[in-house]
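Report on the structure given below.
Because the structure is a prediction, the values reported are computed rather than measured.
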Amino acid sequence: MNPSEFLIVTERGGEPVSSAQLERFHQRYLWAGSLCAGQDVLEMACGTGPGLGYLQSVARSLVAGDVDKSIVALAKAHYANRVDVRQFDACATGLPSASFDVVILFEAIYYFQDVGKLLAEVRRLLRPGGSFLLATANKDLYDFNPSPFSHAYYNPPELSALLAPHGFSAAFFGGSAVPSPGLKTRLVRALKRVAVTYKLIPGSMAGKRFLKWLVFGRLVPMPVELQARGLHLDPP
């Protein structure tokens, strides 16, 4: 995948998302924030950085980066000098070894062709006792729809097998419960499954927004920057 194509699948501030999607975003960063307080933190594949302002407010220091220069430019335009945002390849950041207490990678591992190289870089960057915070999609859901630019998705056993050779001791958490489906949900899942099977789901964010509107109804804007005041962490 050409780095410039990541903008096609990156959710940007102001764009409409479902309320469930927004809640997952809030909880993901509130969870990270609870583990980053007073720490030196790196967020890889940060996208336009909607969680960076919040992380900056709780961490001792924060560096963030993405491989796509157009995405980095959007993050820099918003944060200016408040956050250290850089362009780098997460598999070869050029950052000093053992310089971070926490490394974050949210909703991006499936875009890496060489996950072993990525994990080796994360291990190099972490100090002894450091933490790697990873969030990814549940590929085992009945109606799971992979990104058109993804290489592979991993469930907990597969992730554990990938992490172990690099010295990580893994713990896994569920981000949100999967409710028992009603009739409408079962029908939507069946239709989505057909759409996924026959590759009818749009690959662009614009096409996906239209699909979300059809399925979820009214959408809400994705924040340019997370405002944590009034939000509460629901521990995973």
Side-chain angles (χ1 to χ4, degrees), residues 1-33 43-57 62 64-80 82-83 85-87 90 104-112 133-139 141 143-150 153 175-176 188 191-192 195-196 199-231 233-234:
M1 180 177 178
N2 189 310
S4 63
E5 293 179 314
F6 279 109
L7 193 60
I8 299 172
V9 294
T10 297
E11 289 158 348
R12 287 169 276 177
E15 294 186 345
V17 297
S18 70
S19 57
Q21 192 174 0
L22 181 61
E23 177 63 15
R24 286 195 295 271
F25 162 72
H26 286 160
Q27 291 300 319
R28 190 179 301 143
Y29 277 99
L30 291 175
W31 172 67
E43 181 170 6
M44 295 174 156
C46 68
T48 58
L52 297 182
Y54 170 65
L55 292 176
Q56 179 75 47
S57 72
L62 174 67
D66 199 281
V67 71
D68 189 320
K69 65 180 180 180
S70 59
I71 290 176
V72 170
L74 290 172
K76 284 187 172 183
H78 174 72
Y79 289 106
R82 283 197 293 142
V83 179
V85 184
R86 311 180 188 187
Q87 182 187 1
I104 297 171
L105 182 72
F106 284 167
E107 297 297 340
I109 193 171
Y110 35 82
Y111 291 125
F112 289 88
L133 307 185
L134 173 68
T136 189
N138 182 357
K139 72 167 188 171
L141 287 175
D143 54 354
F144 172 70
N145 175 43
S147 168
F149 299 121
S150 61
Y153 288 81
S176 55
V188 169
L191 291 173
K192 185 178 175 184
V196 170
K199 304 185 184 302
L200 301 176
I201 293 182
S204 69
M205 294 307 298
K208 287 185 176 181
R209 284 196 298 272
F210 178 70
L211 187 64
K212 287 176 185 176
W213 175 77
L214 287 176
V215 175
F216 298 108
R218 188 178 69 88
L219 302 177
V220 294
M222 182 75 172
V224 176
E225 180 178 345
L226 170 64
Q227 303 298 322
R229 185 173 181 179
L231 300 177
L233 172 63
D234 183 11

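Between Arg82 and Glu225, at least one side-chain N (NZ, or NE/NH1/NH2) sits under 4.0 Å from a carboxylate O, which counts as a salt bridge.
Atom OH in Tyr54 sits 9.0 Å away from atom CG in Leu231 (nearest 0.5 Å). With rounding to the nearest 0.5 Å, the separation of OG in Ser57 from CD in Gln227 is 9.5 Å. To the nearest 0.5 angstrom, Arg28 atom CZ is 11.5 Å from Leu226 atom CG. Here OG of Ser150 is found 12.0 Å from CD1 of Ile109. Values are rounded to the nearest 0.5 Å.
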*Could you please spell out the steps behind the side chain to side chain contact (heavy atoms under 4.5 Å, CB included) verdict for Gln27 and Leu233?*
CA-CA 6 Å; Gln27 291 300 319; Leu233 172 63; 3.4 Å; yes

_Stepwise ring pair (Phe, Tyr, Trp, His ring centres under 6.0 Å) check, Phe25 with Phe106_ = CA-CA 10 Å; Phe25 162 72; Phe106 284 167; 9.3 Å; no

_Evaluation steps, side chain to side chain contact (heavy atoms under 4.5 Å, CB included), between Leu55 and Glu43_ = CA-CA 9 Å; Leu55 292 176; Glu43 181 170 6; 3.6 Å; yes

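The nearest pair of heavy atoms linking Tyr111 to Ser147 is OH-OG, 3.0 Å. Closest approach of Ala64 to Leu52, counting heavy atoms only: CB-CD2, 3.6 Å. For Pro223 against Leu22, the heavy-atom pair with the smallest separation is CD-CD1, 3.4 Å.
Annotation: salt bridge (Lys or Arg N to Asp or Glu O under 4.0 Å) contacts of Arg24 (sequence neighbours excluded): none.
Relative ring orientation between Tyr153 and Tyr110 is described as parallel, the plane-to-plane angle staying below 30° on a 0-90° scale split at 30° and 60°.
A heavy-atom distance below 4.5 Å is found between the side chains of Leu219 and Ser18. The closest side-chain heavy-atom distance from Ile104 to Met44 is not below 4.5 Å. Between Leu133 and Leu105, the closest side-chain pair of non-hydrogen atoms is not below 4.5 Å. Residues Pro50 and Met222 form a side-chain contact, since some pair of their non-hydrogen atoms from C-beta on lies under 4.5 Å apart. With contacts defined as side-chain heavy-atom distances shorter than 4.5 Å, the pair Ile71/Cys46 does not qualify.
For Asp66 (side chain) and Val72 (main-chain N/O), no donor-acceptor pair under 3.5 Å exists by modelled atom type.
Screening Val83, Thr48, Val85 against Lys76 for a side-chain contact (heavy atoms from CB on, under 4.5 Å) leaves a single residue, Val85.
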